[in-house]
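Chain naming here is simple, since letters A, B, ... match the order of the sequence lines and numbering starts at 1 in each. The figures that follow rest on heavy atoms only: side chains count, while hydrogens, waters and symmetry mates do not.
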There are 2 protein chains.
Amino acid sequence: MNKRYKPIPTIREVAEMAEVGTTTVSRVINGGRNVNRSTLARVQKAIKTLGYVPSQAARTLKGERTKTVGLVIPSINDPFFSSCAKAIDAVAHDHDSLVLVTTTNDDPDTVITGINFMVRHSADGVIVVPAKTENGALSDLLSRLPMPIVLMDRPVKGFEAISVVASNFEGARLATKHLIEHGCKRILCLTGETMLYTLSERIRGYQQVVKSAKYPCMIETSAKNYETTKRALKRAFSGSNPPDAIFTLKNSTTIYAYQALQRLNISMPRPVALLGYDDFDLAEMLSPPISVIQQPIEKIGQTSAEILFKQIQGWNSSDPHFLRQHAKQTVLDVKLIRRRSCGCQV
Amino acid sequence: MNKRYKPIPTIREVAEMAEVGTTTVSRVINGGRNVNRSTLARVQKAIKTLGYVPSQAARTLKGERTKTVGLVIPSINDPFFSSCAKAIDAVAHDHDSLVLVTTTNDDPDTVITGINFMVRHSADGVIVVPAKTENGALSDLLSRLPMPIVLMDRPVKGFEAISVVASNFEGARLATKHLIEHGCKRILCLTGETMLYTLSERIRGYQQVVKSAKYPCMIETSAKNYETTKRALKRAFSGSNPPDAIFTLKNSTTIYAYQALQRLNISMPRPVALLGYDDFDLAEMLSPPISVIQQPIEKIGQTSAEILFKQIQGWNSSDPHFLRQHAKQTVLDVKLIRRRSCGCQV
DNA sequence: ATGAAAGCGCTAACAA
DNA sequence: TTGTTAGCGCTTTCAT
């Protein structure tokens, strides 16, 4: 009893069983227009009996859409990107398409490899989250791309492409100003990374506000994981002039910081306020609940996908102006969610 | 200045530019064996100049692997499945393959559609998380599948396929016994769903233990979201005989329950202990930290993918016994993580 | 309403 | 070492 590979039947076999030409079968699987009712039924029956499924590869070779969109993201695990992916998948579903994913772990070379993979697979379009903003090889590749592309969450410096981002600069300004309103004067900006577009924008926003308030600009960039975050905070609070607020630049950093503060027995919002970038499920269940800048994550994914599909539709259309249907860059607003850790009473 | 669609050049154009035949180009892109050094260089230069990328569709049509694996999962957002997906993506990456994802939202029909999509796209293999265990249409489809398949997290009743699951029954037994060891006698089993394989196995495990201990079997199945969970708990605790422990059957239910207990001012581990199924990032940061049954999530994904790729490799091989290289079912062990909410002192 | 035949880009005999 | 050619499964003129 040896289970063997049972290949999918071809259009030819369906045609033979139904005693028609392959053209007729093709007509049937493409809507059944101009086919006799009885012929139609016969063909459909043959399709069902044989378990026939048309080969996408053959169709692609004929120049049809592949009904796939590529998604090149840093991680599929990260709550931010998996939420984006969810929204993208939903939009793709509406367009009868599948999502081809690959992750880059924020490595620029892997981004290139990933995009090339999408080209090779003739994806109808791609959504890419670039790793670093300055990358010549990436710009080159993007400019030669044979399909539409949308840059998500981070634009590529020096390359004019459609992009969908949140207003990181404004978000950081919002956060910093809010902490200042609470009377904080020594705001520590905590991050483990500075090269990513989003993070550098947030740093810019923070800097602008503290500088114009004439407060010290305290940036700590060593907070890559729990251990390093704890060490950094320990250091900061052992000095003679500890911070009175912490602004963490992303999701995981916020959690590390919260956890470290707990362990170091430093409570919030006094002596130190905490305000994080990115909301997370349990933020309001902690003690105190964490105030955050909330990004419209799903909206970022959804908007990216919607724009991409519009581009795909227009790509071969007769309208020479389809590219102008969208702003080059879509910037989505962020929100301050006031909870307790910043000092708000809610 | 009208940006137009610039199609990828074909092997023919490369051949012409390099002044060789298409076969030679084919040889070059497939390793360059049996090609003159100077010819090789010339062809490679042409490839680079033209930005040539071989068409996967044409290769697929010739019967080659597509270097894609299908992933049909309930949600891409759920921490459990996104972690699985991450591990699968990593394994796929090692095999120079991409992951084609589609989500089913646990709807049986969508599972079928999703798998068919993978067939149409000639994925080399598929990893599927079935929606419900009893589904004739699914068994039919699976038995006709022209590629290897691995069932992840949930088997399909009545269909003998390779599957990779965690020991849900044992996990629930472990949890329930542990609560009993803490002296709990009225253990409320809380869930919002009973039809999924994993959940019904957990219910079975719970039942077996409470029954053999002669304790009441208290199962509440209305906990679908925070509101319904809160309502259910309110009801349970307003009676004359409230539970002294809660065993939540999944991730989100645990969080709803924790949150509801907070709001209802019922503290843990007294008067009620809490033990959840599935670990989550912040479980140890809550007050009290939540004890859980921890599943080897990444391992589930990784194992599924590794088995799938072995199957893919053996699928067309000459070894007629390749199917027996693996147990039909791989069951991975779960662990009890003792924190404070169950009554442990840690 | 139906079918014959060409051709999409590639690989693999088979020739040279 | 290199090229010629057939054909993978499908859609699409163009006939009938």
Side-chain angles (χ1 to χ4, degrees), chain A residues 5-44 46-47 50-67 116 119-124 146-147 316, chain B residues 5-44 46-47 50-67 116 119-124 146-147 316:
Chain A
Y5 174 69
K6 168 88 158 14
I8 283 282
T10 70
I11 199 173
R12 188 105 125 232
E13 296 170 56
V14 176
E16 279 166 11
M17 171 173 273
E19 297 179 292
V20 295
T22 59
T23 314
T24 302
V25 179
S26 178
R27 285 194 186 99
V28 171
I29 60 184
N30 287 293
R33 305 191 60 78
N34 296 335
V35 179
N36 191 301
R37 288 176 64 86
S38 67
T39 315
L40 186 78
R42 217 161 3 110
V43 173
Q44 283 169 334
I47 288 175
L50 261 28
Y52 169 75
V53 178
S55 151
Q56 185 60 55
R59 286 177 164 177
T60 303
L61 206 52
K62 287 293 288 182
E64 296 216 341
R65 303 247 168 86
T66 54
K67 305 258 190 161
N116 269 322
V119 173
R120 166 178 311 230
H121 280 270
S122 316
D124 296 333
M147 74 270 269
N316 284 315
Chain B
Y5 174 69
K6 168 87 158 13
I8 283 283
T10 71
I11 200 174
R12 188 103 127 231
E13 296 169 55
V14 176
E16 278 167 11
M17 170 173 275
E19 297 177 293
V20 296
T22 59
T23 311
T24 303
V25 179
S26 178
R27 286 194 184 99
V28 171
I29 60 184
N30 288 293
R33 304 191 61 77
N34 296 337
V35 179
N36 191 300
R37 287 176 65 85
S38 66
T39 315
L40 185 78
R42 214 159 9 106
V43 173
Q44 283 171 333
I47 288 175
L50 261 27
Y52 169 75
V53 177
S55 152
Q56 185 60 55
R59 287 177 163 176
T60 302
L61 206 51
K62 287 292 290 182
E64 297 216 341
R65 304 249 167 85
T66 54
K67 305 258 188 163
N116 268 322
V119 173
R120 165 180 310 233
H121 281 270
S122 317
D124 296 332
M147 72 271 266
N316 284 315

Taking only side-chain nitrogens and oxygens of Ser55(B), does any of them come within less than 4.0 Å of OP1 or OP2 of dC10(C)?
-> no
Note: for Ala58(B) and Thr24(B) on DNA chain D, the residue whose nearest nucleotide lies more 5' is Thr24(B)
pair Pro54(A)-Arg120(B): side-chain heavy atoms closer than 4.5 Å = yes
Whole angstrom is fine here: how far is it from OH in Tyr52(B) over to C1' in dC10(C)?
-> 7 Å
Among dA1(C), dT11(D), dG9(C), the nucleotide that comes nearest once only the side chain of Asn36(A) is considered | dA1(C)
Side chains of Val119(A) and Met147(A): does their closest heavy-atom pair fall under 4.5 Å?
-> yes
Take the C1' atoms of the five end pairs on each side of the helix from dA1(C)-dT16(D) to dA16(C)-dT1(D), derive the two axes, and give their angle rounded to 10 degrees.
-> 40°
Interatomic distance where CZ belongs to Arg120(B) and P belongs to dC10(D) [whole Å] | 10 Å
In terms of heavy-atom contacts, Gln56(A) and Thr66(A) come closest through NE2-CA, 3.5 Å
So, is Asn30(B) near the phosphate of dT11(C), with a side-chain N or O under 4.0 Å from OP1 or OP2?
-> yes
What are the two closest non-hydrogen atoms of Leu40(B) and Gly32(B), and how far apart are they?
-> CD1-CA, 3.9 Å
Name the closest nucleotide to the Thr10(A) side chain, picking from dC10(D), dT11(C), dT2(D).
-> dC10(D)
Contacts of Thr22(A) and Gly63(B) projected onto DNA chain D by closest heavy atom; the upstream (5') one is Gly63(B)
To the nearest Å, how far apart are Ile11(B) CD1 and dT2(D) C1'?
-> 14 Å
Evaluate the side chain to side chain contact (heavy atoms under 4.5 Å, CB included) criterion for residues Asn116(A) and Val53(B): first the C-alpha distance (whole Å), next the side-chain angles of each, then the deciding distance (0.1 Å), finally the verdict.
-> CA-CA 8 Å; Asn116(A) 269 322; Val53(B) 177; 4.2 Å; yes
Quickly work out the Lys62(B) NZ to dG7(C) C1' distance and round it to whole Å.
-> 14 Å
Any Thr39(B) side-chain nitrogen or oxygen under 4.0 Å from OP1 or OP2 of dT2(D) = yes
Minimal non-hydrogen separation, Gly51(B) against Ile8(B), with atom names = O-CD1, 3.8 Å
Please work out if Ile29(A) contacts a base, only the sugar-phosphate, or nothing of the nucleic acid, heavy-atom cut-off 4.0 Å.
-> sugar-phosphate
dT11(D) phosphate, OP1 or OP2: any side-chain N/O from Arg59(A) under 4.0 angstrom?
-> yes
Taking NE2 from His121(A) and P from dC10(C), how many angstroms apart are they, rounded to a whole number?
-> 14 Å
Closest heavy-atom pair, Arg27(A) versus Asn34(A), reported as atoms and distance to 0.1 Å, is CD-O, 4.2 Å
Rounded to whole Å, CD of Gln56(A) lies from C1' of dC8(C) at a distance of 14 Å
Specify the separation, in whole Å, of atom CD of Glu13(B) and atom P of dC8(C).
-> 11 Å
From CD of Glu19(A) across to P of dT2(C) the rounded distance in Å is 13 Å
Below 3.5 Å, does any donor atom in the side chain of Thr23(B) face an acceptor in the base of dT4(D), or the other way round?
-> yes
Residue pair Thr10(B) / Tyr52(B): nearest heavy atoms and the distance that separates them = C-CE1, 3.7 Å
Look at the side chain of Arg27(B) against the base of dT1(D) and say whether a donor-acceptor pair falls under 3.5 Å; ignore hydrogens and angles.
-> no
